[in-house]
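Data block below; observations after.
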Amino acid sequence: METESEPYVRLASLRQLHQVMADMNTARSLADTLQSVADGVVGALGYEMAAVNLVRQDGDLVVAAFSGNSAAESLITGRVGSRDSWDRRLNMGEQWGDLVFIPHTEGWVLDDDDVPQWYTDGPAPRFEDEWHPSDRLFAPMYTPGVQGGSSGELLGVISVDRPRNGRRPGAWGREALQMYAFQAAIAISNARLRANMQRALVRLERDQQALRASEESFRQAFEYAPSGMAIAEMGGDQHGRILRTNDALCRLLGRPASAMRRYSFSDLVHPEDIGTLLRTSAEGGRAELRLGRRDGSYVWVSLRNSVVADAADGPRFLLTHVEDIEERKRRELQLAHRASHDSLTGLPNSAELRSRLSSRLCRRQAQPGVLESLDAAYGHPAFEAPTGHGFDFAQGAEAFDGFDHHVHTIAPEDGRDDGTKGLAVLFCDLDGFKSINDRFGHNAGDAVLIEVARRLSRGVRDGDTVARLGGDEFVILADGLGKADAQDLAVRLRNEIIQPIRAEGRAVRVGASFGIGWAHCGMTADEVLKSADERMYVEKRSRPKQHRRAG
């Protein structure tokens, strides 16, 4: 096209332009597409040099491709011109459709701006349409789909220099460059789209590889964890249903994985721990509870829940870590038992006795004057005061203990058996025990204490307490007894104790003195024990010394 006249364009030139556009649209990368655009201007449109200035994300334009002059290419490729300078250029000079032509008579004002530029040397024009070395011609490229381009978003600018025929382009040349810029914009947009898609595919593949690696790591960590792991459903009708378990959990509970999927944790937990499980499941927290084994026994576990959430649907699954703490719990129970029980006999010790006794007693008393003032106001006892007459029962409940939920402990009246059932406290002191220690040694004495503890425990009901207070003193707490019942119990226990006891290879005998006290609210544990102790000494002194051992 460089030597042809405007009215006559050879078919070969059109074929060449078509081939350039085909190459431009089939380039493998964005960089290849940009270079094809620059090369096509020089190879098919007949210009000596062409630069493709591409708009960056910050709005400035960078020289992304150059063709026609290797010296100029190495000098300005990659250099950046500000958007303000480019807007100034595109808004001055002559508008040839979408093209902008700035003649040398006006372009001198742009010599010092920051837009990268290159001029070919040559003589001054000799006739009107001859190209001047300082003439500038720009072909803006706008986003595809916008007709009349200037109203679209600027994608870049093709700048050209010096047509090979030495003349300013005519109507055909201008139309060809404008159409070429339009097609170049489509090719660049498509190349960008392909590049973005390729980057997205690479990122997706990388993410998928990372996800597969993460899933494999999780699978191995889950399957081969030394402690139990489970995944359970969260929410809905199947909340808590076990979906997956690892080998460690199956071994811990003695259940195969196929059977575990038929259960939820609420099916396996000890009935006393169901509330703890529900709180833990709801809060995604931690708890210690008991889970049922296949053989019907229970094992103590530490259970930690993590909620696996979905960004769109919210909590989906419960990841549960189950650690066997049976041995630790056993040690804790042993330590607790040692702290509250006598090491020799295994009976509750003095501290545990006082704790159990105190738990049955309340010390809250009516404030002085409260009952009298209420009786004066209503003419009857306060606990019969009707509602709706200005009496604040909440304050009344704080003033005296008749309105709380404590079941008061009462005692039979002294001197007669009126059928009242109460909490009997039997204080037992062994007779003749010191002489066994002195004659046969402490080992024999310990054997006697152990056997007496066994006989006392055997002689009471389930739920009664037999405790060793210290030395050769024992205490029995027996609830729901009348006076006659308590006395009968003391006789039966004394008869058990006085039977011969084997100690250090010989038979020895001890007697027992019992004092029966009664616990009732308003007393302290020490006061109750002191009362029973005093009654025991009364009973001991009332019996002849020679008969104490024989009972």
Side-chain angles (χ1 to χ4, degrees), residues 20-21 23-42 49-68 72-93 95 97-100 102 110-118 136-161 177-210 311:
V20 167
M21 290 185 177
D23 294 342
M24 185 170 60
N25 284 285
T26 57
R28 291 192 173 186
S29 65
L30 177 60
D32 290 345
T33 301
L34 295 170
Q35 191 60 50
S36 296
V37 171
D39 292 342
V41 173
V42 174
M49 288 187 296
V52 179
N53 303 273
L54 197 63
V55 176
R56 304 190 310 180
Q57 289 185 349
D58 61 4
D60 293 339
L61 279 74
V62 60
V63 180
F66 193 94
S67 183
E73 180 179 0
S74 61
L75 180 65
I76 68 173
T77 300
R79 291 177 57 189
V80 177
S82 67
R83 183 60 177 266
D84 291 340
S85 297
W86 272 106
D87 287 342
R88 183 183 180 192
R89 289 170 179 249
L90 297 179
N91 289 310
M92 63 181 294
Q95 296 292 321
D98 286 338
L99 304 180
V100 175
I102 303 176
L110 304 175
D111 289 344
D112 295 328
D113 68 8
D114 60 358
V115 173
Q117 48 195 335
W118 177 271
R136 296 173 174 87
L137 180 58
F138 305 115
M141 298 179 292
Y142 296 96
T143 51
V146 179
Q147 298 297 330
S150 60
S151 61
E153 181 181 353
L154 184 67
L155 185 65
V157 178
I158 300 174
S159 58
V160 300
D161 190 22
L177 181 58
Q178 182 172 310
M179 292 177 58
Y180 186 83
F182 181 77
Q183 294 297 324
I186 295 175
I188 292 172
S189 296
N190 290 339
R192 275 183 165 174
L193 180 60
R194 288 195 301 272
N196 290 336
M197 291 179 62
Q198 289 172 353
R199 284 193 292 269
L201 288 174
V202 169
R203 286 196 300 269
L204 179 61
E205 178 60 27
R206 188 182 301 119
D207 291 344
Q208 289 178 339
Q209 290 177 353

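Note that this is a predicted model, so its numbers are computed, not measured. Numbering of residues begins at 1 and proceeds along the displayed sequence.
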Compare every heavy atom of [Y] with every heavy atom of [X], then report the nearest pair and how far apart it is.
| X | Y | result |
| --- | --- | --- |
| Gln178 | Gly97 | OE1-CA, 3.6 Å |
| Leu90 | Val100 | O-CG2, 3.7 Å |
| Ala185 | Tyr142 | CB-O, 3.1 Å |
| Gly156 | Val55 | N-CG2, 3.9 Å |
| Val62 | Gly78 | CG2-O, 3.5 Å |

According to side-chain contact (heavy atoms from CB on, under 4.5 Å), who are the partners of [X], at least two apart in sequence or on a separate chain?
| X | result |
| --- | --- |
| Met92 | Ile102, Glu106, Val109, Leu110 |
| Ser189 | Pro144, Leu155 |
| Asp112 | none |
| Ala139 | Leu99, Ile158, Leu177, Ala181 |

Supply the atom-to-atom distance [X] [atom1] to [Y] [atom2], rounded to the nearest 0.5 angstrom.
| X | Y | atom1 | atom2 | result |
| --- | --- | --- | --- | --- |
| Ile186 | Thr143 | CD1 | OG1 | 10.5 Å |
| Ile76 | Ser159 | CD1 | OG | 6.5 Å |
| Asp98 | Met141 | CG | CE | 12.5 Å |
| Asn53 | Leu34 | CG | CG | 10.5 Å |

Side chain to side chain donor-acceptor pair (under 3.5 Å) with [X]: which residues, sequence neighbours excluded?
| X | answer |
| --- | --- |
| Gln208 | none |
| Gln35 | Asp39 |
| Asp60 | none |
| Arg88 | none |

note = Here the salt bridge (Lys or Arg N to Asp or Glu O under 4.0 Å) pairs for residues 182-203, sequence neighbours left out, are none

query = Should Leu154 and Pro140 count as side-chain neighbours, where that means a heavy-atom distance under 4.5 Å?
reply = yes

ask   = Quick one: are Asp113 and Arg89 in side-chain contact, heavy atoms under 4.5 Å?
value = yes

key: Pairs flagged by side-chain hydrogen bond (donor to acceptor under 3.5 Å, both in side chains) wherever residues 73-85 is involved - sequence neighbours left out   = Ser82-Ser85, Ser82-Asp114, Arg83-Asp87, Ser85-Asp114

ask   = What pairs with Tyr180 under ring-ring contact (aromatic ring centres under 6.0 Å, His included), at least two apart in sequence or on another chain?
value = none

